[in-house]
Every structure is written in C-alpha cells, then in structure tokens.
Amino acid sequence: PLLRGITRSVAGLAKATQQLAEGKFDVALAHDRRDELGDLSVGINRMAEQLRRFVHGQKRFLGDIAHELSSPVARLQFASSILELKADPALLPHVTQVQQEVAHMSALVNELLAFTKAGLQSATVKLVPVAVGELVERVIYLETAGQGQVTAVIDPALVVQAQAEYLTRAVANLVRNAIRYAGPAGPITISAEREAGEVAIRVMDCGPGLPVDQLEKVFEPFH
C-alpha cells in the first residue's frame, strides 16, 4: 500500500507537469500528503496558478494593444482610399503599395485579436451541427475570389459538431497557405471523410511542404 500510494502520487505529478508543458494551466493536484510529495504538489499548484495568471495577463495586454491599433489602421485605410482618388496618376503605384501594406497590417491586427479572444474566453465552447461541404465551399469562394483554384470532394450530407467560426478560420488558413505556396505547382483539393467516429478534413496540394525542423513549431502563434 505504501509503494502504491507513492507510485500514484508520482504518476499524478508526472501528468500535471506534462499538462503544464502543453500549456494547460488548470492543474489541481491533491496535497493531502504530509511529506515531500505533498510539498511538491503544493508547489506545482502554485506554479500552475502563477503561469495561468501570467499568460492570461499577457494575452489581455496583446488584446488591448490590437484593439487600440484597429482605429488608426482603419483611418489609414480610409485616408489611402481618398488619396487614391486625388493623387497624380504617376503616384498611383506608390498609393497602391501603401494600401497593400495597410491591408496586411489590418490582417495582422485581426489575427492578433482572434488569437487573444480564443485564449481569453472560457474553455467551454458551444458545439453546433456544421455542414462540412457548405463551410468548405464558402471558404473556397472567399479565398479564391470565385476563381475556382481549389476543388472540394465532400459528401453534402457530412455534418460535424464544431464551433463554426473557428473551423472556418482553420480551413481558410490552410487553403490560403496552399494557394500562396503551392498554387502554381498543381491542383489543390479539400476532402473530408469519416474515420473511427470522427471526421478528417484534409487540404492537399503539390507544394514543397514544410521543412522537418519546422513541424513542431508550426502550431506556435505567428510562427
């Protein structure tokens, strides 16, 4: 019984540290032991709470900055539109370049707002039935401006439980990257199939792919 109790406590500590390494800070270890393992559990709980507050505060700070940046960026977009109408024709290429940079800046600010919103909201996400085919077709239309660079092979009856906004953003990011980095290399196809009680959505292209040393970093924000 003594060894079993120690082993159970060590296993709990190992699981908690793994969760912390994955960025899951809602760790709550039992600390009813009156020995070194109990002290360690208390320390891990305190560290998890401090990390949670730090990350939450950092994301709130980023969200506040992004929110404040939205107004001047919008004013820049409006001013550049007026400048385009009144500028000398010889200056129009430069105005267009400014508009492109402002549009890129606006997209970055929106991504920052989306990132902080996702990190600050409750962990409970309301899932609703989403028709995969309709969602994918909408993404294709928006990302290709109706030019049909991407094809979809999806059963119209396929429905998943999801948060529609996040699923749309995830698929759109993949499609946008495929068009940007693999568009001229060959066809881009989106498929969705049932696999072991879940649905796998795949965006397939003929591009160069990711370097092996980048695979672990690709899910880091803004990498």
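Scanning all heavy atoms of the two residues, the minimum distance from Val109 to Ser70 falls at CG1-OG, 3.6 Å. Minimum heavy-atom separation, Val102 to Gln77: CG1-CG, 3.2 Å. Counting all heavy atoms, side chain and backbone alike, Ala172 lies closest to Glu143 at CB-OE2, 3.7 Å. Looking at every heavy atom in both residues, Glu165 comes nearest to Gln163 through N-OE1, 2.9 Å. Nearest heavy atom pair, residue Leu112 against residue Leu62, reads CD2-O, 3.9 Å.
Atom NZ of residue Lys24 and atom NZ of residue Lys15 lie 9.5 Å apart, to the nearest 0.5 angstrom. Here the CD-CG distance, from Gln19 to Leu29, works out to 8.5 Å after rounding to the nearest 0.5 Å. With rounding to the nearest 0.5 angstrom, the OG atom of Ser106 is 4.5 Å from the CG atom of Asn110. In this structure, CE in Met47 is found 9.5 Å from CZ in Phe25, a value given to the nearest 0.5 Å.
The backbone N or O of Ala182 sits nowhere less than 3.5 Å from a side-chain atom of Asp205 that would complete a donor-acceptor pair. A distance-only check finds a donor-acceptor pair linking the side chain of Thr168 to the backbone of Ala164 [under 3.5 Å].
With sequence neighbours left out, the side chain to side chain contact (heavy atoms under 4.5 Å, CB included) criterion links Leu158 to Val132, Ile154, Asp155, Ala192, Arg194, Val199. Taking Pro208 as the reference, nothing meets the side chain to side chain contact (heavy atoms under 4.5 Å, CB included) condition, with sequence neighbours excluded. Take Ile82 and apply the side chain to side chain contact (heavy atoms under 4.5 Å, CB included) test, not counting sequence neighbours, and it matches Phe78, Lys86. Applying the side-chain hydrogen bond (donor to acceptor under 3.5 Å, both in side chains) rule to Asp88 yields no partners; only residues at least two apart in sequence or on another chain are considered.
Considering only heavy atoms from C-beta on, Leu69 stays 4.5 Å or farther from Leu108 through its side chain. Under the 4.5 Å side-chain criterion, counting only non-hydrogen atoms from C-beta, Val203 is not in contact with Asn177. Here the side chains of Arg202 and Ile190 are not in contact, with every heavy-atom distance at 4.5 Å or above. For the pair Gln100/His104, no side-chain contact is recorded, criterion being any heavy-atom separation below 4.5 Å from C-beta on. Counting heavy atoms from C-beta outward, Glu101 and Met105 have side chains that stay 4.5 Å or more apart.
Using a 4.5 Å cut-off between side-chain heavy atoms of Ile, Leu, Val, Met, Phe, Trp and Tyr, with links allowed through other members, Leu20 and Val42 fall into different hydrophobic clusters. Leu51 and Ile44 fall within a single hydrophobic cluster, where Ile, Leu, Val, Met, Phe, Trp and Tyr side chains are chained together by heavy-atom contacts under 4.5 Å. Grouping the Ile, Leu, Val, Met, Phe, Trp and Tyr side chains by contacts below 4.5 angstrom, directly or via other members, places Tyr181 apart from Met204. With hydrophobic clusters built from ILVMFWY side chains whose heavy atoms lie under 4.5 angstrom apart, Leu83 does not share a cluster with Val73. Note: the hydrophobic cluster containing Val136 does not contain Val159 (ILVMFWY, side chain heavy atoms under 4.5 Å, direct or indirect links).
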Q: Apply the test salt bridge (charged side-chain N to carboxylate O under 4.0 Å, His left out) to residues Arg52 and Glu49: give CA-CA distance (whole Å), side-chain angles for both, the deciding distance (0.1 Å), then the verdict.
A: CA-CA 5 Å; Arg52 188 191 65 79; Glu49 176 61 20; 2.8 Å; yes
Q: Carefully, step by step, assess Ile201 and Leu167 under the rule side-chain contact (heavy atoms from CB on, under 4.5 Å).
A: CA-CA 10 Å; Ile201 301 175; Leu167 182 57; 4.1 Å; yes
Q | Derivation of the side-chain contact (heavy atoms from CB on, under 4.5 Å) call for Thr144 and Ile179 | A | CA-CA 8 Å; Thr144 64; Ile179 294 172; 3.7 Å; yes
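The local environment of CD in Glu195 is crowded, with over 12 non-hydrogen atoms from other residues, nucleotides or ligands closer than 6.0 Å.
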Pairs under 3.5 angstrom only: tabulate donor-acceptor contacts from the side chains of residues 91-99 to other protein residues two or more places apart or in another chain.
unit_1	atom_1	unit_2	atom_2	d
Thr96	OG1	Leu92	O	3.0
Gln99	NE2	Ser80	O	3.4
Gln99	NE2	Glu84	OE1	3.1

Could you list the donor-acceptor pairs under 3.5 angstrom formed by side chains in residues 5-14, with sequence neighbours left out?
unit_1	atom_1	unit_2	atom_2	d
Thr7	OG1	Leu3	O	2.8
Ser9	OG	Gly5	O	3.1
Ser9	OG	Arg33	NH1	3.3

